[in-house]
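This is a predicted model, so every value here is computed, not measured. Proteins come first, then strands; the chains are lettered A, B, ... in the order of their sequence lines, and each starts at number 1.
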Amino acid sequence: MAKWLLKSEPSDYSIDDLAQDEITVWNGIRNFQARNFIKEKMRVDDSILFYHSSCKLTGVVGIAKVVSEAYADPAQFDEKSQYYDKKSQQENPKWFVIDVKFERKATAIFLLKEMKTSPELEDLLLFKQSRLSVLPVTDKQWHFIVSKINS
DNA sequence: GCCAACGTTGGC
DNA sequence: GCCAACGTTGGC
């Protein structure tokens with residue numbers, strides 16, 4: 001099973017929002033590389049690290065899981081949505097989503113600044129592509145991060 | 001709130 | 001197909 005890191009701005013959608021909703025549609029991804037990961041690589045039961053970005057305490061704050069195959073993002077066809085894309089056609093959708101299910105909150109947030117100083121994470125794609133909001137993590141990176149948020 | 005980094009768009 | 005201009009992300 002593949003493992004992923006998903007970023008979200010907590011002022012927009014936080015781990016507490018997910019805990020309350022249980023399941024949410026991960027919509028609004030409008031970056032091609034992120035789209036391709038979702039559409040081509042994500043599978044049901046893949047694991048997710050939930051990361052808070054653009055806030056006071058940036059870092060990994062919980063764990064979630066992929067619970068659907070990729071499907072067309074409905075928001076791209078909704079003229080009233082902020083994610084509306086007039087260039088996307090029903091028969092050939094540009095943007096995709098998956099459903100995400102809450103698993104658990106971190107006991108302790110693993111802060112970005114701590115992640116940066118961990119040799120175990122030196123190859124983390126998060127540092128190389130700071131603007132990518134959907135990115136794969138290796139099994140080793142996964143286990144290291146999970147050990148940090150459970151302690 | 002600022003600003004650097006970087007992804008996307010569009011003119012040529 | 002290149003690259004400048006533009007818009008957005010995200011850390012600080």
Please give, in whole Å, the distance from [N] [atom2] to [X] [atom1]?
X      : N      : atom1 : atom2 : result
A/D85  : B/dT8  : CG    : C1'   : 12 Å
A/L6   : C/dG10 : CG    : P     : 12 Å
A/E9   : C/dC12 : CD    : C1'   : 15 Å
A/Q33  : C/dT9  : CD    : P     : 16 Å
A/R30  : B/dT8  : CZ    : P     : 13 Å
A/L112 : C/dC12 : CG    : C1'   : 11 Å
A/D12  : C/dG10 : CG    : P     : 11 Å
A/F127 : C/dC12 : CZ    : C1'   : 16 Å

Closest to side chain of [X], choosing from [options]:
X      : options               : answer
A/K116 : C/dG10, C/dC12, B/dT8 : C/dC12
A/S54  : C/dG10, B/dT8, C/dG11 : C/dG10
A/K87  : B/dT8, C/dG11, B/dG10 : B/dG10

Close aromatic pair by centroid cut-off 6.0 Å: A/W95 and A/F32: yes
A/W26-A/F50 aromatic ring centre distance below 6.0 Å: yes
Residue pair A/S88 / A/Q76, side-chain donor-acceptor N/O under 3.5 Å: yes
Residue-phosphate contact under 4.0 Å: A/Y51 side-chain N/O, C/dG11 OP1/OP2: yes
Any A/K7 side-chain nitrogen or oxygen under 4.0 Å from OP1 or OP2 of C/dT9: no
Closest non-hydrogen atom pair, A/T107 against A/N150: OG1-CA, 3.9 Å
Minimal non-hydrogen separation, A/P10 against A/D17, with atom names: O-OD2, 4.3 Å
Sugar-phosphate only, base, or nothing, as touched by A/T58 at under 4.0 Å among non-hydrogen atoms: sugar-phosphate
